[in-house]
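Proteins get letters first, then strands, A, B, ... in listed order; numbering begins at 1 in each.
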Protein chains: 2
Amino acid sequence: MTKHRQTLEDKVAGQLNAIEGTRQGLEVVSGKWTILVVFALKQEQRRLSDLQRMIEGISQKMLIQTLRKLEYYGLVERTVYPVVPPKVEYALTPLGFTLLEPLYAICHWTDDHWVQMQTAAQQFQEKEKS
Amino acid sequence: MTKHRQTLEDKVAGQLNAIEGTRQGLEVVSGKWTILVVFALKQEQRRLSDLQRMIEGISQKMLIQTLRKLEYYGLVERTVYPVVPPKVEYALTPLGFTLLEPLYAICHWTDDHWVQMQTAAQQFQEKEKS
DNA sequence: CGGTATCCCTGCGGATACTG
DNA sequence: CAGTATCCGCAGGGATACCG
């Protein structure tokens, strides 16, 4: 594992196009709603309508699209209960749970530095006037 | 700080719309090219043309747009040398450098789990046929 | 070389209606 | 309730041409 990481760092340190694999993986994680959906599934499995209520502003189309992508890559599991009315539950897979940690790292960073960034933004604007 | 983090975790655990601040910060970090640009500036300051050569496939427009955004939020510093022909160098600020760590967390994750994700994707496709 | 401005088109993503 | 299909507006972002 350590060796593995070293390899990645070498790649990043070298040619950027060498991290294509990482870029592809990144595309899975990115996306306007992905992080929010993963977080919404953090504690327990949810039904589609639950998720739509939890994630303010997401359309059903985008929600399903995001869930499909996550399911496709094995991060989310979709369980259908053969009852009427239909009941479908979504849950994070073990793989999906491992994603929470690096996601938190980003969130913590933005949370810790958002004020600094806003301050910098104001200074930038004022400097622009002159 | 620890208290601060606890607060964020509470928010995430609760209403998702409560992490609006985090979402805003996230939007700065996200973006197709942002991570690559930050990585390209990891070691030393770079000129615009250097960056364009390093980051395969980026258009000048997107590169500048991304740099502007990063500069705006104080993550990148832009230095103009009053010479002819013009020379401009971009570098990460101390704040920008702090971003590397969580970014690496994501990259390491994708790097470590990309194979699993591809395997899952194949299984998903095969299951789909039946 | 660094940067802006303009044109233009693809596709993301929202709204709506419909099926099982 | 879960999901698909269709329409469509608009902005992200590429290509090009042009300034300092």
Report yes if at least one side-chain N or O of R47(A) is closer than 4.0 Å to OP1 or OP2 of dA2(D); otherwise report no.
-> yes
Heavy atoms of chain B, cut-off under 4.0 Å: which first and last nucleotide of DNA chain C, 5' to 3', fall inside that, if you could look?
-> dC1(C) to dT4(C)
Please identify each residue that fulfils side-chain contact (heavy atoms from CB on, under 4.5 Å) with [X], with sequence neighbours left out.
{"X": "E101(B)", "result": "none"}
{"X": "Q60(A)", "result": "L48(A), Q52(A), I64(A)"}
{"X": "A105(A)", "result": "P102(B), A105(B)"}
{"X": "Q65(A)", "result": "K61(A), M62(A)"}

Output the rest of the hydrophobic cluster of V84(A): all Ile, Leu, Val, Met, Phe, Trp and Tyr residues reachable through side-chain heavy-atom contacts under 4.5 Å, sorted by chain and number.
-> none
Which other residues end up in the same hydrophobic cluster as Y81(B), if Ile, Leu, Val, Met, Phe, Trp and Tyr are linked when side-chain heavy atoms come under 4.5 Å apart?
-> V83(B)
Rounding to 10 degrees, work out the angle separating the end axes of the helix from dC1(C)-dG20(D) to dG20(C)-dC1(D) (five pairs an end).
-> 30°
Apply side-chain hydrogen bond (donor to acceptor under 3.5 Å, both in side chains) to S49(B) and list each qualifying residue two or more places apart in sequence or on a separate chain.
-> none
Mind checking what makes side-chain hydrogen bond (donor to acceptor under 3.5 Å, both in side chains) contact with Q116(A), not counting sequence neighbours?
-> H113(A)
Report all side-chain donor-acceptor pairs from residues 87-94 of chain B shorter than 3.5 Å, counting only partners two or more places apart or in another chain.
| residue | atom | partner | partner atom | Å |
| --- | --- | --- | --- | --- |
| E89(B) | OE1 | Q45(B) | NE2 | 2.4 |
| Y90(B) | OH | R78(B) | NE | 3.4 |
| T93(B) | OG1 | G74(B) | O | 2.6 |
| T93(B) | OG1 | L75(B) | O | 3.3 |
| T93(B) | OG1 | L95(B) | N | 3.4 |
| T93(B) | OG1 | G96(B) | N | 3.0 |

Reading nucleotides 3-20 of chain D 5' to 3', which nucleotides get B (base under 4.0 Å from a protein heavy atom), which S (sugar-phosphate only), which -?
-> BB--------BBB----B
Atom pair CG/CD1 of L63(B) and I55(B) - distance to nearest 0.5 Å | 5.5 Å
